[in-house]
**Q** 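Could you have a look at this structure, given as structure tokens, before my questions?
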Amino acid sequence: MWSTKSLSEKTVNELKEIAKSREIKGYYKMRKKELVQSLTNEFIKEIDPTSMEKIRKMLRSEPRIFELRKIAKKMGISFKRNMKKSELEDRIKRSLVRRERAEQAQGSSLISGAGSRQQKINPGEPVIPELPKTYKRDKLVALPVNPLWIHIYWDFSEQTAELLNSLKDRGKVIYLRIYDVTYIEFNGENAHQIWEYEISSDGERKYYANVNNPNASYLTEIGYINEKGEFVTVLRSNLVKTPPNAFSDKKEEKWLDLSSGYKFTKPAQGILSKPTLKAVGGSSFFPQEFRKHAITSGGGSFLNFMSGSTQKKEEGE
Amino acid sequence: MTKGYFTLVLHAHLPYIHHPDFEEFMEEKWLFEAISETYIPLLRAFKRLENDQIPFAITMSITPPLMEMLDSQSLQEKYKRHLQALIDLSAKEIEKTREENPKKHKMAKYYHEDFKDLLRIFRDEYDSKILNGFKHFYESGNLEIITCNATHGFLPLMDRYPNAVRAQVKTGKQTYKKHIGENPKGIWLAECGYTAGLDKYLAEEDIRYFFVDSHGIWYADTPPRYGVYRPLITENGVFVFGRDPESSEQVWSAESGYPGDFRYREFYRDVGFDREQEYIKDYLDSCGVRSNTGIKYYKVTGKGVDLGKKEFYDIDEAMEAARAHGNDFAHKKAAQVAHLYDVFDGVEPIIVAPFDAELYGHWWFEGPAFIEHFFRALNHMEAIEPITPPNFIENKLKSVQIDTPGDSTWGANGYNEVWLNGSNDWIYKHLDHLIEKMGELANLYKDTEDELKIRALNQAARELLLAQSSDWAFIMTTGTTVEYASNRTKQHVDRFLKLYNEITNDTINKEDLEKVEWLDPIFKDIDYKVYCTQ
């Protein structure tokens with residue numbers, strides 16, 4: 001098995017010899033780079049995806065990333081174009097080992113289970129199921145992301161999808177509307193603020209909206225404008241409340257005496273040991289670019305060193 | 001005179017990773033590393049404190065999936081095999097390092113003895129059940145063990161579904177009772193995730209207290225007079241403690257935190273990566289992917305020092321640093337309570353410092369020693385006393401401010417964006433759908449006496465709970481082992497949907513059901529009726 005690396009170490013004449021024996025068309029007029037390229041392709045073509053030994057050999061010969069991509073493709077392993085070489089290599093190795101185990105297991109099908117129970121199970125490469133793209137039910141859901149952003153996702157029943165399509169055919173535009181309904185009984189017209197976004201019925205069924213207020217309530221709707229110029233609601237979401245990011249200005253504290261169960265109030269004084277802090281959340285949220293920023297903390301420490309960690313390091317007292 | 005109190009909270013959690021269909025599985029090693037590097041080293045530190053009669057008080061959440069894994073016989077057996085391999089490897093390392101360097105050689109000998117001792121403790125002292133070790137300190141009163149919601153599901157994005165939240169909380173309580181023998185007094189909400197109204201479900205289960213991050217207290221509905229330094233009580237009668245930002249900063253900070261000391265062990269240099277493939281391959285996952293073994297020879301060395309330029313680790317020097325840091329932290333905490341006591345005009349503050357348990361030992365190798373020395377130092381201080389939340393509530397708290405904390409988490413930027421962003425938002429459509437379908441099943445079949453159907457219904461509930469682990473969304477955000485997390489989500493959703501179809505069509509396949517019961521055997525005693533909505 002040859003890789004780009006081992007091939008590059010050969011002389012042009014040696015390469016031509018090999019190319020000749022492999023009946024590669026037009027080898028005689030190729031430059032070294034082209035020879036290496038077409039020979040590598042040739043060898044990869046020869047790999048039988050079921051021949052794990054060959055793939056292993058290939059891996060040991062320090063393959064370049066495009067060679068790994070070809071192997072992965074051959075083996076039916078999914079991968080992303082921007083994947084790092086080491087990640088791709090890991091993925092191939094894992095897949096190999098799971099295939100091997102699957103083969104072994106088919107030979108000897110008894111594998112001991114939890115406890116003393118023994119079961120006949122063929123493990124093998126875990127089959128990764130495809131999940132439904134739609135559950136064909138009407139759904140419009142709004143979720144809080146942080147004090148200034150909400151996430152909305154939706155799904156349609158067949159009936160609704162048909163309705164929206166027919167509206168579209170008639171040239172109607174489908175809108176996602178977001179209403180600020182903080183402290184009001186919403187009647188469709190009395191929102192503090194309304195935002196409107198055009199959505200396509202066949203595009204991605206989700207949206208991130210930058211809303212104005214922390215500690216505020218929002219409602220969202222999907223609908224269209226009828227002939228009379230009125231907004232017709234097709235779906236309405238749940239109410240979503242953004243988290244607070246500032247001190248309360250309430251003037252009264254409530255207290256409970258634990259021994260008597262007696263409740264009483266005191267005038268609020270604010271926080272006695274006031275933290276000097278920056279407002280948390282809000283500004284740094286960009287759905288597309290978020291992953292780059294998000295890696296600095298979060299829960300689940302075993303999985304990530306920075307977890308549960310220094311997100312408030314600028315805010316210490 | 002006591003001027004204030006200190007509560008150390010360690011949140012011990014790993015997602016439920018259990019693959020009985022594989023002889024070894026790379027992600028199962030997370031548990032093994034946590035046992036070797038954090039859980040047993042903590043038990044050792046507790047024991048040394050106990051032997052020297054040093055009073056200590058630690059609050060530890062051991063999450064339901066972690067309890068279930070620690071109790072799993074197949075994982076216990078795998079862990080012993082894992083340790084045995086490391087004992088062999090470290091024996092080889094003793095030979096190999098003899099020529100290389102005396103400092104490396106000294107550490108190789110240390111690791112060899114340490115692995116043998118870990119095996120002895122695990123197998124002989126605790127009969128493979130290290131939960132018994134924690135239980136011992138729970139009974140002695142030094143360790144307050146609390147629970148967590150069932151699979152560490154992220155509750156702030158679940159609160160539209162009371163039955164789903166209730167199932168998470170109830171199952172957390174039941175699992176605790178199964179393993180600890182009593183009802184939990186407190187709970188750690190997964191990711192410290194709180195949203196108004198969650199306290200109601202805790203009250204329903206007689207859970208008396210929980211924790212929120214600092215800004216959950218600061219931005220409470222009415223201004224909290226004492227900030228994070230006194231608990232609040234919610235309208236539903238549950239006590240809530242707030243995280244002290246100063247303690248987090250002192251330990252955690254990437255800039256100035258203790259774990260960054262140059263004398264401490266470097267996490268990212270491990271023989272699993274440093275040795276040649278041929279020599280080390282039998283001790284790595286059989287797919288040959290490089291991974292940590294726990295044998296590490298280098299120290300942090302300096303700020304921004306290239307991994308290749310690290311110097312050899314000296315454990316004596318590092319342990320001396322841990323002692324000094326434990327001492328320093330105790331002095332800082334004593335000064336902090338004295339200051340707050342004055343600001344509060346004689347009201348005693350309680351400083352609450354929660355951390356992921358796995359920071360201590362796994363990431364910060366000397367962390368358990370730091371904790372030990374911290375309590376030794378506190379023992380000499382009059383102004384400050386370590387305390388558990390129930391002890392504080394029962395004996396030190398006369399009156400308490402009634403308030404509603406602000407919605408908050410301990411994730412990056414303090415809210416939900418770690419668990420809801422472009423990399424993981426696709427999961428909520430499925431999770432929400434499953435919750436609704438589970439409620440439908442529970443209502444439809446609440447009176448069924450068909451045993452097979454009951455089993456399938458319970459398994460469906462397990463699959464839903466497993467799909468809800470916040471860990472999957474978290475991993476998708478951090479970008480490492482994303483494929484595993486996304487596969488796990490898909491598998492549990494898929495298993496649920498299949499069960500749903502079989503249950504509603506009366507086509508339950510007994511063999512298939514047995515297989516998923518074997519693959520996902522968490523929460524043996526779950527009752528699907530917890531999902532009923534009517």
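Values in this document were obtained by computation on a predicted structure and should not be read as measured data. So you know, we letter chains A, B, ... as the sequences are listed, proteins then strands, and number each from 1.
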**Q** Find the distance between CG (B:D159) and CG (A:N238) and round it off to the nearest 0.5 Å.
**A** 9.0 Å
**Q** Determine the minimum heavy-atom distance between A:Y153 and B:Y428, stating which atoms define it.
**A**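 Nearest heavy atoms, A:Y153 then B:Y428: OH-O, 3.5 Å.
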**Q** Quick one: list whatever passes side chain to side chain contact (heavy atoms under 4.5 Å, CB included) with A:Y262, sequence neighbours left out.
**A**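 A:D257, A:S260, A:F264.
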**Q** Chain A heavy atoms under 4.5 Å from B:A12: which part of the residue, side chain, backbone, both or neither?
**A** neither
**Q** Examine distances only and state if a side-chain atom of A:Y135 and a backbone atom of B:K429 form a donor-acceptor pair shorter than 3.5 Å.
**A**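 A pair under 3.5 Å: no.
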**Q** What part of B:F239 lies closer than 4.5 angstrom to a heavy atom of chain A: side chain, backbone, both or neither?
**A** side chain
**Q** Considering non-hydrogen atoms only, spot the tightest contact between B:G406 and A:P244 and give its length.
**A** CA-CG, 3.8 Å
**Q** Tell me, side chain or backbone of A:A246 under 4.5 Å from chain B's heavy atoms, or both, or neither?
**A**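 Backbone of A:A246 only, per the 4.5 Å heavy-atom cut-off to chain B.
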**Q** Can you tell me which of A:E253, A:Q269, A:K241, A:E130 forms the most heavy-atom pairs within a distance under 4.5 Å of chain B?
**A**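 Of A:E253, A:Q269, A:K241, A:E130, A:E253 has the most heavy-atom pairs under 4.5 Å with chain B.
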**Q** Counting only heavy atoms from other residues, nucleotides and ligands, does the tally under 6.0 Å from NZ of A:K85 exceed 12?
**A** yes
**Q** Please determine, among B:P224, B:G227, B:P156, the option with the most heavy-atom pairs under 4.5 Å with chain A.
**A**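 Ranked by heavy-atom pairs under 4.5 Å with chain A, first place is B:P224.
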**Q** Return yes if some donor-acceptor pair links the side-chain N/O of A:S248 with the main-chain N/O of B:D221 below 3.5 Å, else return no.
**A**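 Such a contact is found between A:S248 side chain and B:D221 backbone.
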**Q** Please report the closest heavy-atom contact between B:N421 and A:Y208, naming both atoms and the distance.
**A** C-OH, 2.9 Å
**Q** Would you mind checking which part of A:K139 comes under 4.5 Å of any heavy atom in chain B, side chain (CB onward), backbone (N, CA, C, O), both or neither?
**A**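 A:K139 touches chain B through side-chain heavy atoms alone.
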**Q** At a 4.5 Å cut-off on heavy atoms, which part of B:K398 comes close to chain A: side chain, backbone, both, or neither?
**A**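 For B:K398, the backbone is the part near chain A, not the side chain.
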**Q** Between B:L232, B:L75, B:D407, which has the largest tally of heavy atom pairs under 4.5 Å with chain A?
**A**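 Highest number of pairs under 4.5 Å: B:D407.
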**Q** What distance do B:I233 atom CD1 and A:L258 atom CG have between them, rounded to the nearest 0.5 Å?
**A** 6.0 Å
**Q** Near A:K266 NZ, under 6.0 Å, is it more than 12 heavy atoms from other residues, nucleotides or ligands?
**A**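 For A:K266, atom NZ is crowded (more than 12 foreign heavy atoms under 6.0 Å).
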**Q** Heavy-atom cut-off 4.5 Å, strictly under: side chain, backbone, both or neither for A:E252 against chain B?
**A** backbone
**Q** How many angstroms lie between OG1 in B:T489 and CD1 in A:I128, if you round to the nearest 0.5 Å?
**A** 10.5 Å
**Q** Report yes if the side chains of A:W255 and B:R225 come closer than 4.5 Å at any heavy-atom pair, otherwise no.
**A**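 A side-chain contact under 4.5 Å exists here.
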**Q** How would you list, by chain and number, every residue that makes a side chain to side chain contact (heavy atoms under 4.5 Å, CB included) with A:R137, sequence neighbours excluded?
**A**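 Listed in chain order: B:H433, B:E436, B:K437.
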**Q** Is it true that atom CG of B:D342 has more than 12 heavy atoms of other residues, nucleotides or ligands lying nearer than 6.0 Å?
**A**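 Count over threshold, so yes.
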**Q** I'd like to check A:N245 versus B:Y415 (side-chain heavy atoms, cut-off strictly below 4.5 Å). Are they in contact?
**A**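 With C-beta onward as the side chain, the pair touches.
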**Q** CD of A:E204: more than 12 outside heavy atoms within 6.0 angstrom?
**A** no
**Q** CH2/B:W426 to NZ/A:K133 distance, rounded to the nearest 0.5 angstrom?
**A** 11.0 Å
**Q** Taking atom types as modelled and ignoring hydrogens, do the side chains of A:N215 and B:Y219 form a donor-acceptor contact shorter than 3.5 angstrom?
**A** no
**Q** Taking side chain as everything from C-beta outward and backbone as N, CA, C, O, which of these in A:P214 sits under 4.5 Å from a heavy atom of chain B? Side chain, backbone, both or neither.
**A**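 When you check distances to chain B, no heavy atom of A:P214 falls under 4.5 Å.
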**Q** Please classify the contact of A:V240 with chain B as side chain, backbone, both or neither, using a heavy-atom distance under 4.5 Å.
**A** neither
**Q** Short question: side chain of B:N416, backbone of A:P144 - any donor-acceptor pair under 3.5 Å?
**A**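 Yes: the side chain of B:N416 pairs with the backbone of A:P144.
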**Q** When only pairs under 4.5 Å are counted, which of B:D425, B:N487, B:D432 shares the most heavy-atom pairs with chain A?
**A**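 Among the listed options, the one with the most contacts to chain A is B:D425.
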**Q** Give, for atom NZ of A:K254 and atom CD of B:E235, the distance between the pair rounded to the nearest 0.5 Å.
**A** 4.0 Å
**Q** When rounded to the nearest 0.5 angstrom, what is the spacing between CG in A:L131 and NE2 in B:H492?
**A**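 NE2 of B:H492 is found 12.0 Å from CG of A:L131.
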